[in-house]
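Only heavy atoms go into these numbers, but all of them, side chains included; no hydrogens, no water, no symmetry mates. In listed order, ligands and their atoms are each counted from 1.
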Amino acid sequence: MTDYVIEPPPTPSVAVDGADARFPVRRIFCVGRNYEAHAREMGKDPTRDPPFFFMKPADAAVDAPAVIAYPPETSNFHYEIELVVAIGKGGSTIAAEHARDHVWGYGVGIDLTRRDLQLAARDAGRPWCWGKAFDRSAPIAPLRPAARVGHPAKGRIWLAVNGQVKQDQDIADLIWNVPEIIAIISRSMALAPGDLIMTGTPAGVGPIVAGDEVTGGIDGLGEIAITIA
Ligand code: MN
């Protein structure tokens, strides 16, 4: 048994729909700009250039429904609804045609973003961490096992603020689909069980403030709800 000089931190995890057992989170990979209309609204050309990634710490993941405090040091706090992929089996240089064998399940998450900090970093050529990887920045609804829901390649993805729909698209519109994303990540670094991939957000991102009720969903994968405090 290993001795530690301080108490080891708990294993971050997210809930699984209809089960007591939880999904342990190792890392959270996030895809930037993976829907054309969102790339355009961020002032970028939506070409099929290779995708790029940023990361959030594993303990940014929080079970939804959740109350999320408006975070510090921002005055432009944004929602981004996203399809979440949960990796159950690791691997390197995974071929896209075998990628689904590595997926344990899927879910609905929100990539919460301090947009002012993200854009200032982007425009200065600095890392996005302060805009993207802050505490409680990845609320995720209970995951659903692929054994039950299959491997959805199409279906409505939407988000509403106080009942008003802001994002409404289809996961079939992903520029880089789930098998392609798994292939691309795994040729740069080994994927491991417990990794989550947030696959990018559709157009319609915008600000939220204290008191807002944010809801969203993906057909076949359930719904998410958070309240901003
Ligand atoms: Mn995002």
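- Side-chain atoms of Asp116 come within 3.5 Å of backbone atoms of Ser75 as a donor-acceptor pair (strictly under, hydrogens ignored).
- The Mn ion (ligand 1) is closest to atom OE2 of Glu82 (considering only N, O or S atoms).
- Only one option out of Trp128, Trp130, Phe29 pairs with Phe54 in a ring-ring contact (aromatic ring centres under 6.0 Å, His included); it is Trp128.
- Closest to the Mn ion (ligand 1) among the N, O or S atoms of Glu80 is OE1.
- Remark: the backbone N or O of Leu143 is not paired with any side-chain donor or acceptor of Asp17 at under 3.5 angstrom.
- Within 6.0 Å of CZ in Arg126 there are 12 or fewer heavy atoms belonging to other residues, nucleotides or ligands.
- Distances from the Mn ion (ligand 1) to each N, O or S atom of Asp111 single out OD2 as the nearest.
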